[in-house]
Amino acid sequence: MNIISSQDGYARQIAFSTKNGSVEGPIFMPVGTQASVKSLGPDDLHQCKAQIVLANTYHLFIRPGHQLVKQAGGLHSFMNWPKPILTDSGGFQVFSLSKLRKISEEGISFRNHLNGDPLMLTPELCMNIQDSLDSDIHMQLDECTPYLCSQEETKKSMEQSLRWGQRCKNARKNPQNKLFGIIQGGFFEQLRRHSLEGLIEIGFDGYAIGGLSVGEPKEEMFRILEFLKDKLPSDKPRYLMGVGTPDDLVKAVALGIDMFDCVMPTRNARNGCLFTSKGKIIIKNQKYFDDFEPLDSNCQCYTCQNFSRAYLRHLYVSKEILSTRLNSIHNIYFYLKLMSGIRKAITENKFEKFSKNFLEEYYSIDDDNIE
Ligand SMILES: [Zn+2]
């Protein structure tokens, strides 16, 4: 099925349907770790024009448990979000949060990071949890290798992820829910190729690129994207996991990426770091004490339409909880507006110009960029 509506160079405007509505890409997915995009309700997300959100399988499995979410009628009904949801596999959180994890052919043994209970995440359980959550897009269980991992270790791990990918495909319960495979292989091009070919053979509804943004220099990430750009199937969505800054998004779209997620806009919002069309603003800086201009005069979000930098600075330094919400609304809106601008530029065959203008403008103030 053709999902590409327009193409400009390698940049693609795509649309694909899920059982809870269609997704237009390139798109950014706000991260709702615990079935909540921190401090934002569904009304805020609708206002920010979010099309799809991400929720974390590991966290929901640990608490409140996928059976409870199933009992609530699934994640859409539990969190009152009617549009598409993507759930990750939980693998990444098992690696980053739990101690005493051990990998075997069967799966990952680990201890619950809240109470220490021994647990095992297998590809079959991973599919079972995501089926109970009833997300529109499931991710396969994979193993993510760190940046400086030997070729031999990376190969072993990538092959493990491929076998788990096949088991996830076999264990998927509802074919209406999409299942994405995850390309691993670290920073070794031949391993990336092998991983991609293996996944294509199994056959997935979309292909994600994992194992990037793990502490490597940016050029290394873009080298892998450059390598993959003409090898990824053109008729399936391509998702770059865990990336990134606004400028990363623009550059990755130029290499054919359709979907992104990252905690950056919401996490930075809570730390008072706000993205604007002219670069990052650190709102606590003294120079905003009596600055009654909006955060970003080019932004139509609720925060920019109603409040000044001086007020946002005041809320932040006074540690008012409204600070988190207003800052998060702006950062999420900014990311989603950027993506809709990208889609429009691709349709009009002006993506290269859009990208050049955006990056020039985005790098134009740099005094706040020193954190
Ligand atoms: Zn704004």
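FYI, the numbering just counts along the sequence from 1. The basis for the numbers below is simple: all heavy atoms, side chains too, and nothing from hydrogens, waters or symmetry mates. What you see is a predicted model, and the numbers here were worked out from it, not measured in a lab. Every number for a ligand or one of its atoms is a count from 1 in the order of the listing.
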Problem - Qualifying residues under side chain to side chain donor-acceptor pair (under 3.5 Å), relative to Ser135, sequence neighbours excluded - result: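 Only Thr87, His138 meet the side chain to side chain donor-acceptor pair (under 3.5 Å) criterion with Ser135.
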Exercise for the section: Below 2.8 Å of the Zn ion (ligand 1), tally up the protein N/O/S atoms for me. Expected result: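 For the Zn ion (ligand 1), protein nitrogen, oxygen or sulfur atoms under 2.8 Å: 4.
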Problem - NZ (Lys231) with more than 12 external heavy atoms under 6.0 Å - result: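 It does: Lys231 NZ has more than 12 such atoms within range.
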Practice task
May I ask you to check if Lys229 and Tyr10 form a cation-pi contact, with NZ or CZ under 6.0 angstrom from the six-membered ring centre and within 45° of the axis?
Solution key: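 Yes, Lys229 sits over the ring of Tyr10.
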Side-chain donor-acceptor contact under 3.5 Å, [X] with [Y]:
X      : Y      : value
Asn20  : His76  : yes
Gln166 : Asn170 : yes
Asp248 : Thr245 : yes

